[in-house]
Amino acid sequence: MIPFDYERATDVDSAVATVTGDPRASFLAGGTNLVDHMKLGVAHPHLLVDVSRLPLGEVVELPDGGLRIGAAVRNSDLAAHDVVRARYPMLSRALLSGASGQLRNLATTAGNLLQRTRCVYFQDVTTPCNKREPGTGCSAIGGYVRYHAILGASEHCVAVHPSDMAVAMTALDGVVVVRGADGDRRIPLSEFYRLPGDRPDRDTVLAHGDLVTAVELPPPPAGNRSAYRKVRDRASFAFAVVSVAAELTIGDASITSARVALGGVAHRPWRATLAEEVLVGSPPTEAMFTEAAAAELEAAQPLPGNEFKVALTRRVLASVLRSLAEEARR
């Protein structure tokens with residue numbers, strides 16, 4: 001048995017102060033990722049600060065038509081929320097694609113965002129891993145890489161971010177609200193996660209002791225169509241080989257707005273800005289969808305063993321865009 005201390009937080013500020021003041025303390029909410037890693041010997045906190053009972057469990061409509069999602073909102077509740085299903089169907093579908101029903105009933109919004117970017121080698125403490133122990137090496141390079149990165153990787157890490165929800169929230173221009181030792185700040189999801197570089201042990205830009213309190217989504221464009229599609233090796237409880245979150249707004253003859261993010265391809269949810277640039281102002285045709293997908297994947301650098309993911313990502317992205325255009329014409 002691994003001993004650790006446990007405290008139940010009574011308010012946000014005291015929780016932040018406690019964890020900030022102890023380099024080996026961690027926040028605990030649903031625990032669906034942290035507890036697993038403690039059992040595997042990957043994580044070794046000596047103090048868990050339970051924030052699951054803090055008043056962060058509401059979904060609130062904002063005056064501008066956007067949505068504020070509390071950090072403690074359970075994945076199942078968020079997926080079933082009437083406003084999410086009506087205005088952000090991409091997000092609902094992404095949530096329902098993740099994990100299993102039992103885990104979604106326990107997992108929280110903040111916990112989903114903060115689950116570790118990882119691969120099988122990260123979770124096997126008998127193998128070298130720069131994410132667990134910087135400087136020890138990356139066992140995936142030259143190893144099993146079917147699920148690994150084709151964009152934004154480095155010689156130090158080729159793991160991919162596992163969240164479905166985070167991919168949809170990135171495409172939706174979500175903003176993470178964080179309480180730290182110096183107060184609140186707001187971080188766009190497109191800037192929240194880090195690429196591995198030479199510090200793959202750091203998944204996000206958060207400092208130790210920063211507590212995610214909410215995620216805010218802007219109002220969706222009028223007349224938009226959105227979708228989330230996940231390609232995986234089995235029908236449930238599997239990480240994405242490739243996933244696409246996409247939203248299009250189509251005018252009389254051209255695409256007036258496009259927001260696209262990819263999952264299963266990089267160390268963070270990958271905002272497909274090159275594809276978006278091709279799409280906006282262009283006609284919603286098969287040729288343009290193919291061109292947009294090709295532009296985004298031009299910089300892909302697959303590993304020996306996952307080269308298929310480049311063509312697969314192109315095809316899935318073009319297919320999702322085609323489906324959204326067909327839906328808009330109906």
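Nothing fancy with the numbering, it's 1 onward along the sequence. Everything numeric here is computed off the predicted structure, so don't read it as measured data. Because only heavy atoms are used, hydrogens play no part in the values below, and waters and symmetry mates are left out as well, while side chains stay in.
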Does a sphere of radius 6.0 Å around [atom1] in [X] hold more than 12 heavy atoms from other residues, nucleotides or ligands, not counting ones at 6.0 Å or beyond?
| X | atom1 | result |
| --- | --- | --- |
| Glu286 | CD | yes |
| Glu155 | CD | no |
| Asp64 | CG | yes |
| Glu58 | CD | no |

To check you understand the geometry: which heavy-atom pair defines the closest contact between [X] and [Y], and what is its length?
| X | Y | result |
| --- | --- | --- |
| Leu113 | Ala166 | CD2-CB, 3.9 Å |
| Val158 | Ala153 | CG1-CB, 3.9 Å |
| His267 | Asp203 | CE1-OD1, 3.6 Å |
| Val260 | Arg271 | O-CD, 3.1 Å |
| Phe237 | Ser100 | CD1-N, 4.0 Å |
| Thr20 | Gly209 | OG1-CA, 3.4 Å |

Measure from the side-chain N and O atoms of [X] to the backbone N and O of [Y], and report whether any donor-acceptor pair falls under 3.5 Å.
| X | Y | answer |
| --- | --- | --- |
| Arg232 | Ser97 | yes |
| His148 | Pro302 | no |
| Ser243 | Lys230 | no |
| Thr136 | Cys129 | yes |
| Ser76 | Arg104 | yes |

Exercise. Taking the inter-plane angle between the rings of Phe122 and His37 on a 0 to 90° scale, is it parallel (under 30°), tilted (30 to 60°) or perpendicular (over 60°)?
Worked result: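 Perpendicular, since the angle between the ring planes exceeds 60°.
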What I want to find out is whether [X] reaches [Y] closely enough, with some N-O distance under 4.0 Å, to be called a salt bridge.
| X | Y | answer |
| --- | --- | --- |
| Asp164 | Arg93 | no |
| Arg199 | Asp201 | yes |
| Asp5 | Arg24 | no |

Check whether any side-chain heavy atom of [X] lies under 4.5 Å from a side-chain heavy atom of [Y], and answer yes or no.
| X | Y | answer |
| --- | --- | --- |
| Phe308 | Ile150 | no |
| Thr18 | Leu47 | yes |
| Val177 | Arg68 | yes |
| Asn105 | Arg74 | no |
| Arg314 | Glu296 | no |
| Val244 | Leu262 | yes |
| Pro128 | Glu133 | no |
| Asp233 | Val241 | yes |

Which value, rounded to the nearest 0.5 Å, describes the distance between [X] atom [atom1] and [Y] atom [atom2]?
| X | Y | atom1 | atom2 | result |
| --- | --- | --- | --- | --- |
| Leu279 | Ile255 | CG | CD1 | 4.5 Å |
| Leu303 | Lys309 | CG | NZ | 9.0 Å |
| Tyr121 | Cys157 | OH | SG | 12.5 Å |
| Thr32 | Leu103 | OG1 | CG | 6.0 Å |
| Leu114 | Ser163 | CG | OG | 10.0 Å |
| Met169 | Ile69 | CE | CD1 | 4.0 Å |

Exercise. Of all residues at least two apart in sequence or in a different chain, which pass the ring pair (Phe, Tyr, Trp, His ring centres under 6.0 Å) check with His161?
Worked result: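 Here the qualifying residues are Tyr193.
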Exercise. Between Ser319 and Arg229, is any side-chain donor less than 3.5 angstrom from a side-chain acceptor?
Worked result: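 Yes - a donor-acceptor pair under 3.5 Å links their side chains.
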Exercise. For Met288 and Leu321, what are the C-alpha separation, side-chain angles and deciding distance, and is it a side-chain contact (heavy atoms from CB on, under 4.5 Å)?
Worked result: CA-CA 10 Å; Met288 294 311 304; Leu321 296 172; over 6 Å; no
For this session: Mind jotting down which residue pairs meet the side-chain hydrogen bond (donor to acceptor under 3.5 Å, both in side chains) criterion with at least one end in residues 78-92? Sequence neighbours excluded, please.
Result: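 Output for this query lists Glu61-Arg87.
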